[in-house]
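All values below were derived from every heavy atom in this structure, side-chain atoms included, with hydrogens, water molecules and symmetry-related copies excluded. If you're wondering where the values come from, they're calculated on a predicted model, not measured in any experiment. Just so it is clear: chains get the letters A, B, ... in the order the sequence lines come, proteins before strands, and each one is counted from 1.
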2 protein chains.
Amino acid sequence: MRSPKPTLTEQELEIMKVVWQLETATVRQVYETMLAHRRIAYTTVMTMMNILEQKGYLKKRQDDRAYVYRPSQPQKLVIRSMVREFVNRVFNGSAEPLLVHLVEGQHLDAKDLEEIRKTIRKDAKS
Amino acid sequence: MRSPKPTLTEQELEIMKVVWQLETATVRQVYETMLAHRRIAYTTVMTMMNILEQKGYLKKRQDDRAYVYRPSQPQKLVIRSMVREFVNRVFNGSAEPLLVHLVEGQHLDAKDLEEIRKTIRKDAKS
DNA sequence: GATCGCATACTAATAAATTAGTACGAAAGG
DNA sequence: CCTTTCGTACTAATTTATTAGTATGCGATC
């Protein structure tokens, strides 16, 4: 199972974000957290967490009465591969045009740019 | 019709890329182009181009026997809003972390970074 | 020990995305 | 004119995504 993991759908990502946030979570905890943002059924959350486990994004472990889930990969890694996929899909794999869009599209303000400059400098030395 | 256009699905984006490339295209032209990359039926392409027209991404005009389609918006604009959406979905709207991912994730090589530095400098002055 | 609360397993309804088939008309070629 | 070609319109099968219901079990409480 050297999983080239199936990709996360929109809703699945929402769940993953919550679990990453909580680090470890039961269905109920995720459910409660999501309820704060939108109407959703407990069983919906459960179904999706099961799917996420099948897809290899979550691991579950029995604990007392309920399962406790935890991410099987750090958020950074997963998001990184989502970025890679997006770049492939939209920009045919080349990241530079994405940058141009970000800079030109007012997605980034002056503070961001300063941050980036620093990051680049640091990175460029290594 | 102040269209907050429905978003493009994966396959629809493939079609749009071809049409942007050709600037103006019939179903057959798009079909031929796509055939070079993968097996697909003529009618599939037609169906999708109809959907794209309904969604407001393509305009058609009768010309001789077949319709001629053209993009109703420039590629840059559409892609920009896809980027915005992605940033919203994955990074809760803040673009800076995306940058960090790009830089750290070996998506960008040294030449890219130089390019970006220039872009940023230019942009920062305005 | 019957009932309530909470958990899971299993099932399923609905919607959206993807792919394509069939019918049919116009025109082009013989 | 009849057949082939190419085009559209309309229909639809299949898959994937999204959302949730129902059945059922277990432990705590009255």
Side-chain angles (χ1 to χ4, degrees), chain A residues 4-19 22 24-70 78 82 85-86 89-90, chain B residues 4-19 22 24-70 78 82 85-86 89-90:
Chain A
K5 297 205 194 304
T7 66
L8 289 177
T9 67
E10 168 129 15
Q11 306 310 317
E12 288 166 359
L13 177 59
E14 279 319 296
I15 304 250
M16 286 306 296
K17 280 184 183 175
V18 175
V19 182
L22 300 177
T24 210
T26 61
V27 172
R28 180 147 301 271
Q29 284 177 294
V30 174
Y31 166 64
E32 303 286 359
T33 306
M34 294 189 74
L35 257 195
H37 298 297
R38 70 183 183 96
R39 186 189 163 281
I40 191 171
Y42 178 90
T43 48
T44 302
V45 177
M46 203 180 66
T47 302
M48 306 222 331
M49 289 178 75
N50 277 334
I51 293 173
L52 283 167
E53 197 223 345
Q54 284 162 29
K55 286 194 177 181
Y57 285 99
L58 290 179
K59 287 183 175 162
K60 68 180 172 185
R61 206 188 47 209
Q62 189 93 42
D63 178 87
D64 201 26
R65 295 200 41 197
Y67 287 123
V68 173
Y69 291 82
R70 70 177 58 246
V78 174
M82 291 187 68
E85 256 212 21
F86 181 77
R89 198 156 49 76
V90 178
Chain B
K5 297 205 194 306
T7 66
L8 289 177
T9 67
E10 169 129 15
Q11 306 310 317
E12 287 165 0
L13 177 60
E14 280 318 298
I15 303 250
M16 285 305 297
K17 280 185 183 174
V18 175
V19 182
L22 300 177
T24 211
T26 61
V27 172
R28 179 148 303 272
Q29 284 177 295
V30 174
Y31 167 65
E32 304 285 359
T33 305
M34 294 188 74
L35 256 196
H37 299 295
R38 70 182 182 97
R39 186 191 163 278
I40 191 170
Y42 178 90
T43 49
T44 301
V45 176
M46 203 180 65
T47 302
M48 305 222 332
M49 288 177 77
N50 278 334
I51 292 173
L52 282 167
E53 198 222 347
Q54 284 162 27
K55 285 193 176 182
Y57 285 98
L58 290 179
K59 287 182 176 165
K60 68 180 172 185
R61 206 188 47 209
Q62 189 93 40
D63 178 87
D64 202 25
R65 294 199 42 195
Y67 288 123
V68 172
Y69 291 83
R70 68 178 57 247
V78 173
M82 291 186 69
E85 257 212 20
F86 182 77
R89 199 155 49 76
V90 178

Peer 1: Which whole-number value in Å describes the distance from Glu10(B) CD to dA17(C) P?
Peer 2: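 Value for this atom pair: 12 Å.
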Peer 1: Roughly how far, to the nearest 0.5 Å, is the OG1 atom of Thr33(B) from the CG atom of Leu22(B)?
Peer 2: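 OG1 of Thr33(B) is found 5.0 Å from CG of Leu22(B).
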Peer 1: Under 4.0 Å between any heavy atoms, over every strand shown, what does Thr47(B) touch: base, sugar-phosphate, or nothing? Just pick one.
Peer 2: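 Since a base atom lies under 4.0 Å of Thr47(B), the category is base.
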Peer 1: Under a plain distance cut-off of 3.5 Å, with no hydrogens placed, do Tyr69(A) and Asp63(A) share a side-chain donor-acceptor pair?
Peer 2: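 Not at all, the side chains of Asp63(A) and Tyr69(A) share no donor-acceptor pair under 3.5 Å.
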Peer 1: Can you tell me how far CG of Leu52(A) sits from CG of Leu8(A), rounded to the nearest 0.5 angstrom?
Peer 2: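 Leu8(A) atom CG to Leu52(A) atom CG measures 6.5 Å (nearest 0.5 Å).
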Peer 1: How long is the straight-line distance from OG1 of Thr26(B) back to CG of Asp64(B), given to the nearest 0.5 Å?
Peer 2: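 Rounded to the nearest 0.5 Å, the CG-OG1 separation comes to 11.0 Å.
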Peer 1: To the nearest angstrom, how far is Leu58(A) atom CG from dT8(C) atom P?
Peer 2: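 So the two atoms are 13 Å apart, to the nearest Å.
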Peer 1: So if I take every side-chain heavy atom of Ala66(A) and compare against dT18(C), dT18(D), dT8(C), which nucleotide ends up nearest?
Peer 2: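 So the side chain of Ala66(A) is nearest to dT8(C).
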Peer 1: Met48(A) has an atom CE; how far is it from atom P of dA20(D), in whole Å?
Peer 2: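 Met48(A) atom CE is separated from dA20(D) atom P by 11 Å.
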Peer 1: Can you tell me how far P of dA17(C) sits from CD of Gln11(A), to the nearest Å?
Peer 2: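 Nearest whole value for this atom pair: 12 Å.
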Peer 1: CZ of Arg28(B) to CZ of Arg65(B): how many Å apart, nearest 0.5 Å?
Peer 2: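 Taking CZ in Arg28(B) and CZ in Arg65(B), the distance rounds to 10.0 Å.
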Peer 1: Return the nearest nucleotide to the side chain of Arg28(B); candidates are dT18(D), dT19(D), dC6(D).
Peer 2: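 For the Arg28(B) side chain, the nearest candidate turns out to be dC6(D).
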Peer 1: Expressed in angstrom and rounded to an integer, what is the separation of Met49(B) atom CE from dA17(C) atom P?
Peer 2: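 Taking atom P of dA17(C) as the reference, CE of Met49(B) is at 19 Å.
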Peer 1: Kindly assign one of parallel, tilted or perpendicular to the pair Phe86(B) and Phe86(A), based on the angle between their ring planes and the thresholds 30° and 60°.
Peer 2: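 Plane angle under 30°, so parallel.
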Peer 1: For Asn50(A) and dT19(D), give me the distance from atom CG to atom C1', rounded to whole Å.
Peer 2: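 Taking atom C1' of dT19(D) as the reference, CG of Asn50(A) is at 14 Å.
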Peer 1: Can you tell me the distance, in whole Å, between the CD atom of Gln54(A) and the C1' atom of dT16(D)?
Peer 2: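 Distance, rounded to whole Å: 14 Å.
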Peer 1: May I ask you to verify if any side-chain N or O of Thr43(A) is less than 4.0 angstrom from the OP1 or OP2 atom of dA20(D)?
Peer 2: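 Checking dA20(D) against Thr43(A), no side-chain N or O comes under 4.0 Å of OP1 or OP2.
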Peer 1: Specify the residues of residues 30-42 of chain A, ordered by number, for which at least one heavy atom lies under 4.0 angstrom from an atom of DNA chain D.
Peer 2: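 Heavy-atom cutoff 4.0 Å gives Arg38(A), Arg39(A), Ile40(A), Ala41(A).
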Peer 1: Salt bridge between Lys55(A) and Glu12(A), side-chain N to carboxylate O under 4.0 Å?
Peer 2: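 Salt bridge between Lys55(A) and Glu12(A), a charged N being under 4.0 Å from a carboxylate O: yes.
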Peer 1: Test your reading of the model: is there a side-chain donor-acceptor pair from Glu32(B) to the backbone of Gln29(B), 3.5 Å cut-off?
Peer 2: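 Looks like no, no N/O pair under 3.5 Å.
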Peer 1: Figure out the NZ/P separation between Lys60(A) and dT8(C), and round it to whole Å.
Peer 2: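 Distance check: Lys60(A) NZ to dT8(C) P gives 8 Å.
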Peer 1: Would you find a donor on one side and an acceptor on the other, under 3.5 Å apart, between the side chain of Thr47(B) and the backbone of Thr43(B)?
Peer 2: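 Side chain of Thr47(B) to backbone of Thr43(B): a pair is present.
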Peer 1: Can you sort out the partners of Lys60(B) under salt bridge (charged side-chain N to carboxylate O under 4.0 Å, His left out), two or more places apart, ordered by chain and number?
Peer 2: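 For Lys60(B) the salt bridge (charged side-chain N to carboxylate O under 4.0 Å, His left out) partners, ignoring immediate neighbours, are Glu53(B).
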Peer 1: Polar pairs (N or O, both sides) under 3.5 Å between protein and nucleotides 25-30 of chain D?
Peer 2:
residue: dG25(D); atom: N2; partner: Arg65(A); partner atom: NH2; Å: 3.4

Peer 1: For dT19(D), does either OP1 or OP2 sit under 4.0 Å from a side-chain N or O belonging to Thr44(A)?
Peer 2: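 Looking at the OP1 and OP2 atoms of dT19(D), neither is under 4.0 Å from any side-chain N or O of Thr44(A).
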Peer 1: If you check the Thr9(B) side chain, which of dG21(D), dT18(C), dA9(D) turns out closest?
Peer 2: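 In terms of side-chain proximity for Thr9(B), the closest of dG21(D), dT18(C), dA9(D) is dT18(C).
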Peer 1: Please tell me if Tyr69(B) has a side-chain N or O lying less than 4.0 Å from either OP1 or OP2 of dT8(D).
Peer 2: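 For Tyr69(B), the contact criterion (side-chain N or O under 4.0 Å from OP1 or OP2 of dT8(D)) is not met.
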